[in-house]
K.L.:
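One structure is given below, represented as structure tokens, and several questions about it will come after.
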Amino acid sequence: MFAIIEAAGWPIWPLLLASVIALAIIGERAWSLRAGAVAPKHLLDQVIQDYRQGGINPQMLTQLAHGSPLGQIFATGLRNSRSSPLVMKEALDDTGRAVTHELERFLSALGTIASISPLLGLLGTVIGMIEIFGSQAPTGGGNPIVLAHGISVALYNTAFGLIVAIPSMIFYRYYRGKVDALVMEMERQAIKLVEILHHERTA
């Protein structure tokens, strides 16, 4: 591995840094975007049950707000349970935007890495070609060591740029789709909460 890095020259270092950052983001988002952690399956039923048994209390709201992103939305809905459905939905929309922003954290960076990695590889290719042409003597001869190094720089950087870019783009698209699906599910459950609370209040 170290021999490959040495053969690829200094242009490989920005790509190595980009690959480390991409792996860190992929791992962090895989943990943070678990469906059970973002939108627990039976949270709505539990919230409604607690609401019917003991009403709304600060401990319940604090536990919800710190438990999960969906819990943050439910806590907002419960705080505004005495407001009109329109006011409640506006408050839920504001919290939903904040939650969505948090779910999309680091995805822009991952998309940027997927976009620039081929360009960094191309930069290494250009630098390798410059070294190749620079090794050519005016008489037509050239230093074979410099020529081989230039070819190594060009090829390794091109390949490594694609190796970094392809998985980064795949996971970027995957996580974007997952965030969209989670947001839709949270919106669906938030609307259910509004309807149930409104029905409980008017019953």
Side-chain angles (χ1 to χ4, degrees), residues 18-117 164-203:
S19 68
V20 170
I21 295 173
L23 284 174
I25 293 173
I26 290 168
E28 191 276 338
R29 289 292 85 187
W31 176 258
S32 299
L33 294 178
R34 291 169 296 140
V38 175
K41 199 168 186 180
H42 302 292
L43 183 60
L44 178 60
D45 296 335
Q46 184 64 47
V47 168
I48 296 303
Q49 181 180 347
D50 293 343
Y51 172 76
R52 287 172 176 168
Q53 290 178 351
I56 301 171
N57 58 76
Q59 182 181 357
M60 175 187 181
L61 295 177
T62 301
Q63 185 176 359
L64 278 174
H66 292 86
S68 65
L70 181 59
Q72 295 179 40
I73 295 174
F74 285 169
T76 298
L78 292 172
R79 286 192 191 99
N80 293 273
S81 60
R82 296 188 179 276
S83 303
S84 67
L86 180 60
V87 172
M88 192 186 300
K89 287 180 180 179
E90 288 178 352
L92 288 171
D93 286 342
D94 290 340
T95 303
R97 282 191 289 269
V99 167
T100 301
H101 179 73
E102 184 66 20
L103 293 178
E104 292 175 342
R105 187 174 56 171
F106 304 134
L107 290 187
S108 294
L110 185 61
T112 300
I113 290 173
S115 299
I116 68 171
S117 293
V164 174
I166 292 171
S168 297
M169 181 57 71
I170 290 172
F171 279 101
Y172 171 74
R173 295 292 186 185
Y174 169 72
Y175 287 140
R176 289 290 304 183
K178 190 168 188 178
V179 167
D180 291 342
L182 288 170
V183 169
M184 289 182 63
E185 175 62 19
M186 289 190 292
E187 287 178 351
R188 185 181 66 81
Q189 295 204 38
I191 292 171
K192 276 188 177 181
L193 177 67
V194 172
E195 292 174 348
I196 293 172
L197 291 178
H198 181 66
H199 177 73
E200 293 280 335
R201 190 180 65 181
T202 56

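Keep in mind that the numbers below use all heavy atoms, side chains included, and drop hydrogens, waters and symmetry copies. In this text, all values refer to a predicted model and were calculated from it rather than measured experimentally.
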K.L.:
Supply the atom-to-atom distance S115 OG to L110 CG, rounded to the nearest 0.5 angstrom.
P.N.:
9.5 Å

K.L.:
Please check if atom CZ in R188 has more than 12 non-hydrogen atoms from other residues, nucleotides or ligands closer than 6.0 Å.
P.N.:
yes

K.L.:
Restricting to side chain to side chain contact (heavy atoms under 4.5 Å, CB included), what partner residues turn up for T62, sequence neighbours left out?
P.N.:
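Applying side chain to side chain contact (heavy atoms under 4.5 Å, CB included) to T62 gives H66.
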
K.L.:
Measure the spacing between CG of L197 and OH of Y51 and express it to the nearest 0.5 Å.
P.N.:
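One gets 5.5 Å once the value is rounded to the nearest 0.5 Å.
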
K.L.:
Would you please classify the geometry between the F171 ring and the Y174 ring as parallel, tilted or perpendicular, with 30° and 60° separating the classes?
P.N.:
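Perpendicular, since the angle between the ring planes exceeds 60°.
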
K.L.:
Work out which heavy atom in I73 is nearest to a heavy atom in A190; give both atom names and the distance.
P.N.:
CG2-CB, 3.8 Å

K.L.:
Check each of M186, E187, E185 against Q189 using the side-chain contact (heavy atoms from CB on, under 4.5 Å) test, and report the only one that passes.
P.N.:
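Only one option passes, and that is E185.
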
K.L.:
Evaluate the side-chain proximity of I196 to R52: yes if any heavy-atom separation is below 4.5 Å, no if none is.
P.N.:
yes

K.L.:
Is it the case that the side chain of S32 and the backbone of R29 share a donor-acceptor pair, with hydrogens and angles ignored and the cut-off at 3.5 Å?
P.N.:
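Looks like no, no N/O pair under 3.5 Å.
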
K.L.:
Is K192 salt-bridged to E195, going by a charged N under 4.0 Å from an acidic O?
P.N.:
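Looking at K192 and E195, the cut-off is not met.
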
K.L.:
How close do A22 and I113 get, heavy atom to heavy atom, and via which atoms?
P.N.:
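Minimum heavy-atom contact is N-CD1, 3.8 Å.
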
K.L.:
Which heavy atom in A65 sits nearest to a heavy atom in R79, and how many Å separate them?
P.N.:
CB-NH2, 4.3 Å

K.L.:
Does any N or O in the side chain of Y175 come within less than 3.5 Å of the main-chain N or O of L103, such that one atom is a donor and the other an acceptor?
P.N.:
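No, the answer is negative, given that no donor and acceptor are paired below the 3.5 Å cut-off.
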
K.L.:
Considering all heavy atoms of both residues, which atom of F106 and which atom of E28 are nearest to each other, and what is their separation?
P.N.:
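Nearest heavy atoms, F106 then E28: CD1-OE1, 3.4 Å.
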
K.L.:
Hey, what do you get for CG (L33) to CG (L107), rounding to the nearest 0.5 Å?
P.N.:
7.0 Å

K.L.:
With rounding to the nearest 0.5 Å, note down the distance linking CG in N80 to CG in L86.
P.N.:
11.5 Å

K.L.:
For L43, what residues pass the side chain to side chain contact (heavy atoms under 4.5 Å, CB included) criterion, not counting sequence neighbours?
P.N.:
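Residues passing side chain to side chain contact (heavy atoms under 4.5 Å, CB included) with L43: P40, V47, L64, S68, L70, F74.
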
K.L.:
So which heavy atom on L78 is nearest to which on S81, and how close?
P.N.:
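Minimum heavy-atom contact is O-OG, 3.0 Å.
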
K.L.:
Distance check, rounded to the nearest 0.5 Å: E90 atom CD versus T76 atom OG1?
P.N.:
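If we round to the nearest 0.5 Å, E90:CD and T76:OG1 are 13.5 Å apart.
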
K.L.:
If you round to the nearest 0.5 Å, how far is OG1 of T95 from CG of L92?
P.N.:
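L92 CG to T95 OG1: 6.5 Å, rounded to 0.5 Å.
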
K.L.:
Specify the closest pair of heavy atoms between L182 and A35, including all atoms of both residues, with the distance to one decimal.
P.N.:
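Nearest pair, atom of L182 first, then A35: CD2-CA, 4.1 Å.
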
